[in-house]
Amino acid sequence: MIIPNPLIYFDKVSKVYSPTSIALEDVSFTIAPNEFISVVGQSGAGKSTLLKLLLAEDRPTSGKVFFESSDIHAASREELPFIRRRMGVVFQDYRLLPQKTAYENVAFALEAGGKEDDDIKHDVPQVLELVGLMDKSWHFPHELSGGEKQRVAIARAIVSRPDVVIADEPTGNLDPLNTLEIIRLLEKVNDLGTTVILATHDKEIINSLKRRVVTLEKGKLVRDEQRGRYVL
Amino acid sequence: MAMDKITFRRILKWGFLNFFRNGVVSAATVLVISLSIFMIGSVIVGSAFLSGIISSLEEKVDISAYFKTGAPEEQILALKKDLEALPEVRAVKYISADEALAAFRERHIGDEAILQSLEVVGANPFSSSLEIKAHDSSKYDAISKFLEKGSYGGILDADSSGQKKITYRQNQFVIDRLSSLLSTSRRIGFAVSLILAVIALMVAYSTVRLAIYNSRDEISVMQLVGASRAFIRGPFLVEGIIHGIIASFFTLALLYPAFWLMGNKTSALFGGVNVFQYFLSNILQIFFILLVAGVLLGVLSAYIAIRRYLKV
Ligand SMILES: Nc1ncnc2c1ncn2[C@@H]1O[C@H](COP(=O)(O)OP(=O)(O)OP(=O)(O)O)[C@@H](O)[C@H]1O
Ligand SMILES: [Mg+2]
């Protein structure tokens, strides 16, 4: 399938950690703006590796990853923060800053981007409202439940209005009810016009989403379906 | 990219907030930096004090050469000139027999018995002398040899066995011992200071590194959220400055009673020379050194330690 103006383009990407551990092998696909794409696969299939390469946390062994038209891994140390401010990240283990309150965690993303104080005062409560955590703004992460932490993480990921939200098993540590809420939130984010990339191995989620599904198997892209179901 | 005002203000804010929120870790870091600069401070005051004592002891060492009664003054002054030309010699002072007598009278003023005995002798019993100070105490032997071998042997006074009256010969043992003691204590003092300073630096750096190592996950999250390196590093450097400033005040507060206690002991030992006095009269310079050392230690340790966690 050819997408005219892809937001993200994986071009024959391989990641070899060692001869016995080939995380990705010749993976190519594109992601269009406003898409909601799920990356599925068994444990060790290479989902996290794929997202890490997109975030430039690691470099591919071969191949290139493009964000809009620029090669992410060709970016300099000074350029990289600017690219990352256009991506929001959510992890299974939340990765909030433990010394900062919910409000400060969300505000930090904007402060790092050099936003004006007035904008921050306006945007942060709005986003916390969206994830339903207005009343817990001044709680530190250790004073929040897992579901609440993840909602703060989502608020942080979307507050700077990124082009894409990247979520790596965001529901991995949550009970079914919280899982549902987080997925609803991601759908809402997508409805508001943001691309969402979701890595998961939760069959229920995939089957209820009815969106595009990319399946990885031992580092290879084996299936790419527009209204995917979880088949393994 | 030059840092804008808003970023700078946020870095300051997070530096202060992190310092307070890190509670125990901040306190521990301040304590370790304090210990380090405490060592540096005591070494500085201690070695300044030690070298003060050494110089004042060296100042006390001199040798005197006594002349036969009636030795012509122009010959003595010629010898003085020759001595002053020697590279080892720092100063030569001529004391005529009359001056020696006057000094003796001065010293024993009020002591009738002694002054009376002078009257009994009638003539001036003192000989004129040259008082010679060397640049350092190891040179007295050479000077003494020059006096004995030189062409001035004739005017120098001698005792019944022919031994010239040069005080070095009489005090040789004490002077030699003192001279080697002084130079070893200088060397040991320097070595000990160096070792202490290096240990202090290493301990402080390790503590700061450990604290930053504990923040490594946070640092990588900040990078993923799009924070620039300067924005991540900044608050750590601000914290380092705060650590250093507090540590220097704390250390000064520790040094004060420490030197006060030592002051009482040392003035009893060295008669008048008091470390506490030295500390008090130089307290501003000492505080300044502590402040600079503490802030440098805090900031540089943080700067070096954070580098490895800013790799991505
Ligand atoms: N830093 C690393 N060094 C060596 N091998 C690694 C490293 N990171 C991942 N791997 C290997 O790469 C492969 C893919 O790992 P990855 O984390 O991408 O899987 P995943 O699909 O996210 O699995 P899970 O669902 O369990 O999170 C695995 O075989 C893993 O052992
Ligand atoms: Mg994973």
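Reminder, nothing fancy here: chain letters follow the sequence lines and each chain counts from 1.
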Check: Heavy-atom distance under 4.5 Å to chain A: side chain of N18(B), backbone, both or neither?
Finding: side chain

Item checked: Neighbourhood of chain B inside residues 95-105 of chain A, taking heavy atoms under 4.5 Å as contact -> R95(A), L97(A), P98(A), Q99(A), K100(A), T101(A), E104(A)

So does [X] have more than 12 non-hydrogen atoms from other groups sitting under 6.0 Å from [atom1]?
X: R59(A); atom1: CZ; result: no
X: Y17(A); atom1: OH; result: yes
X: K12(A); atom1: NZ; result: no
X: Y303(B); atom1: OH; result: no
X: F250(B); atom1: CZ; result: no
X: R216(B); atom1: CZ; result: yes

Measure distances from [X] to the heavy atoms of chain B and classify the residue's part below 4.5 Å as side chain, backbone, both or neither.
X: E78(A); answer: neither
X: K52(A); answer: neither
X: R86(A); answer: neither

Next item on the list: Please report the closest heavy-atom contact between S228(B) and P81(A), naming both atoms and the distance.
Entry: CA-CG, 3.9 Å

Next item on the list: Identify the heavy atoms of E116(A) and I6(B) that sit nearest to each other, and give their distance.
Entry: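 So the two residues come closest at OE1-CD1, 3.8 Å.
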
Next item on the list: Assign the ring pair F231(B) / F108(A) to parallel, tilted or perpendicular, where the plane angle (0 to 90°) is split at 30° and 60°.
Entry: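 Rings of F231(B) and F108(A): tilted, as their planes differ by 30° to 60°.
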
Note to self: I'd like to check R84(A) versus L224(B) (side-chain heavy atoms, cut-off strictly below 4.5 Å). Are they in contact?
What the structure shows: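 Yes. Closest side-chain heavy atoms under 4.5 Å.
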
Check: R10(B) versus D117(A): any side-chain heavy-atom pair under 4.5 Å?
Finding: yes

Checklist line | Value rounded to 0.5 Å, distance of CD in Q223(B) from CZ in R77(A) | finding: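 Answer for the CD-CZ pair, Q223(B) versus R77(A), is 9.5 Å.
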
Check: If you count heavy-atom pairs under 4.5 Å between each of M87(A), R156(A), R85(A), E111(A) and chain B, which one has the most?
Finding: E111(A)

